[in-house]
Amino acid sequence: MADVFISYSHQDRAIAANFAALLLDAGFSVWWDDRLGPRKGWDRTIEQELATAAAVLVLWSPTAVESEWVRIEAYHAKQQDKLIPIMVRRCAPPIEFTFSQFLDLDEWSGDTDAAPWRKLLAWLADFRDQPDEATGVVAPKRDNVFRRVLFRLPSGEAVYEGGAIGARTPAGTLFADAEDAPVMRVVPAGGFTMGAEPGDLDRSIQEGPRKGITIAQPFAMAIHPAAPDAFLRFCPGGECRIDARIRPSLLSRLFGGGGGAPEASAAPQPQRDGAVLTSLNFREALDLAAALSTQLGARYRLPSEAEWEYACRAGTTTRYAFGDTAAPGDACFGRSDGPAAPGSFAPNRFGLYDMHGSVREWTQDTWHDSLDFTPADGLPYVDTRSGLRVVRGGCWKDDATRLRSAARSRASEVLRSPEIGVRLLRELER
């Protein structure tokens, strides 16, 4: 049983040999067909090695696309959810792999310190160290030495470079796509029951009927609601790098003054509400997600309502992630002076802060008066005829009942409120 199975076209044998040698040097066991004997028994050997490998690298090239063997091996690897497609020579992959996310090593020089190569090694280590699905046995825990630490939080937790994070990265891992980017935490896939218990005395009709939701893919969620500084850092020297689609009104509030981005000599002076970014409407929240996606090369977006509640509950079934009652030491609520500083209260089991209280948070879903239309797969419910969106979490001025994990609120898409902020979700590459 090898850590890595390499699938390739024989015209790319030299490339495959180089990959195998470098992977062996990095500490991975590798199987490729360099030692296959006579044709007799090839099929059985390849089938066995393909089935038992932790990950399958498919080296796509114009000749690999034409190879029936490569296509078959890639298909089986995809079915077993262990395919890592790599572009080694520019080509159009077969149509069934069009939507796979490729690692592009077409122009890679062989530098083992290059970001794409380190990303590959980090992904392979994550595949290798997954539990065996048949037995549930987890391999001895090994630190993923291929992920680099960008910085550490005041708590001492390491924040890793985001480029080496994927869908196999262990849940709970902290990362950022740049030193000045939001800090994200990996949230595992899973299922939960959405909505309020029928016996909850504070339950409204809008919080039911309860529905089983399956979150099939892990994702990453910002550990805090967005802060003004998280976006000001994208404007080094006063030159705004935030996507130009953001409305001048938002830039005005972020940077102070009259219209658009600040002059090069102007020091940004955003209005602060407890170091939490508020008073942006739904469209502006979408623009911020788009801006980060453009600048950082990863897909940021707003969570669906189901994803938000799943992340908030963090595996709990109580009224709040911290229990059935809320006290002033549990969350920011019932006050008149605005949000608390991020991190003022303990995180939930997923390591996310302020999911209850502080500010309500935009979700993708359009408002609907019950959970009847909420998709069971965690996708957002969107009705283009509606101008109302779901906001979740409760805020600093609410009473405790509006902070419950199942509590739902609505807001007009154009509303800018000091009670509403945004927490971004970042999708993970597979």
Side-chain angles (χ1 to χ4, degrees), residues 1-8 15-32 49-59 73-74 77-78 80-88 100-105 108 110-152 157-177 183-189 217-220 297-298 351 426-430:
M1 174 178 171
D3 295 330
V4 185
F5 178 107
I6 300 179
S7 175
Y8 68 101
I15 298 175
N18 186 46
F19 269 75
L22 291 174
L23 291 174
L24 287 168
D25 286 345
F28 295 95
S29 58
V30 179
W31 189 92
W32 63 305
E49 296 293 340
L50 186 63
T52 59
V56 177
L57 299 190
V58 176
L59 309 184
E73 290 164 356
K78 186 175 182 180
Q80 297 170 31
D81 195 25
K82 57 185 180 182
L83 170 67
I84 301 181
I86 300 176
M87 188 74 68
V88 295
S100 298
Q101 293 175 308
F102 288 77
L103 280 176
D104 191 347
L105 292 173
W108 178 54
D111 178 8
T112 55
D113 196 46
W117 181 254
R118 288 189 289 106
K119 178 177 183 176
L120 172 61
L121 297 183
W123 280 17
L124 287 174
D126 286 339
F127 271 80
R128 179 190 61 192
D129 298 336
Q130 290 290 305
D132 185 286
E133 292 186 2
T135 65
V137 174
V138 181
K141 183 169 177 56
R142 292 173 277 196
D143 289 334
N144 193 326
V145 297
F146 306 109
R147 272 196 286 273
R148 290 185 175 174
V149 177
L150 281 182
F151 54 90
R152 292 184 181 273
E157 284 189 280
V159 178
Y160 295 95
E161 59 181 0
I165 302 297
R168 296 277 182 151
T169 300
T173 300
L174 285 169
F175 71 92
D177 286 309
V183 176
M184 315 297 290
R185 197 183 291 272
V186 177
V187 173
Q217 304 298 335
F219 58 85
R426 200 270 230 177
E427 295 184 355
L428 301 176
E429 291 184 79
R430 293 192 59 76

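- Taking the side chain as every heavy atom from C-beta outward, M184 and I165 never approach each other to under 4.5 Å.
- Under the 4.5 Å side-chain criterion, counting only non-hydrogen atoms from C-beta, V186 is in contact with F175.
- When all heavy atoms are compared, the tightest approach of A164 to T169 is O-OG1, 4.2 Å.
- To the nearest 0.5 Å, atom CZ of residue R426 and atom CG of residue D177 are 4.0 Å apart.
- When atom types are taken as modelled, the side chain of R118 and the backbone of F146 share no donor-acceptor pair closer than 3.5 angstrom.
- Here the closest heavy-atom approach between residue I84 and residue A55 is recorded as CD1-CB, 4.2 Å.
- A176 and V159 make their closest contact through N-CG1, 3.7 Å (heavy atoms, listed as atom of the first residue, atom of the second, distance).
- Proximity of V56 to Q80: side-chain heavy atoms (C-beta onward) are nowhere separated by under 4.5 Å.
- In F219, the CZ atom is crowded: over 12 heavy atoms of neighbouring residues, nucleotides or ligands sit closer than 6.0 Å.
- Here the side chain of K82 pairs a donor or acceptor atom with the backbone of A53 at under 3.5 angstrom.
- Between the CZ atom in F5 and the CD atom in E49 there is a gap of 7.5 Å [rounded to 0.5 Å].
- Put simply, the side chain of L121 does not reach to within 4.5 Å of the side chain of T112, judged on heavy atoms.
- Here the closest heavy-atom approach between residue P170 and residue R147 is recorded as CD-NH2, 3.7 Å.
- Ion pairing between a basic and an acidic side chain is recognised when a charged N comes within 4.0 Å of a carboxylate O; D81 and R430 show such pairing.
- Between W117 and F19, the angle of the ring planes goes over 60°, which puts this pair in the perpendicular group of the 30/60° scheme.
- A pairwise comparison of heavy atoms in K119 and E429 identifies NZ-OE2, 2.6 Å as the closest pair.
- In this structure, the side chains of S7 and V58 come closer than 4.5 Å at one or more pairs of heavy atoms.
- For the atom pair CG of L103 and CH2 of W123, the computed distance is 5.0 Å after rounding to the nearest 0.5 Å.
- Atom CG of L120 and atom CD1 of I86 lie 4.5 Å apart (nearest 0.5 Å).
- Heavy-atom minimum distance, F28 versus R128: CE2-NH1, 3.6 Å.
- Interatomic distance, I15 CD1 to W108 CH2, rounded to the nearest 0.5 Å: 10.5 Å.
- Note that the CG atom of L57 and the OH atom of Y8 stand 13.0 Å from one another [nearest 0.5 Å].
- The closest side-chain heavy-atom distance from L124 to D3 is not below 4.5 Å.
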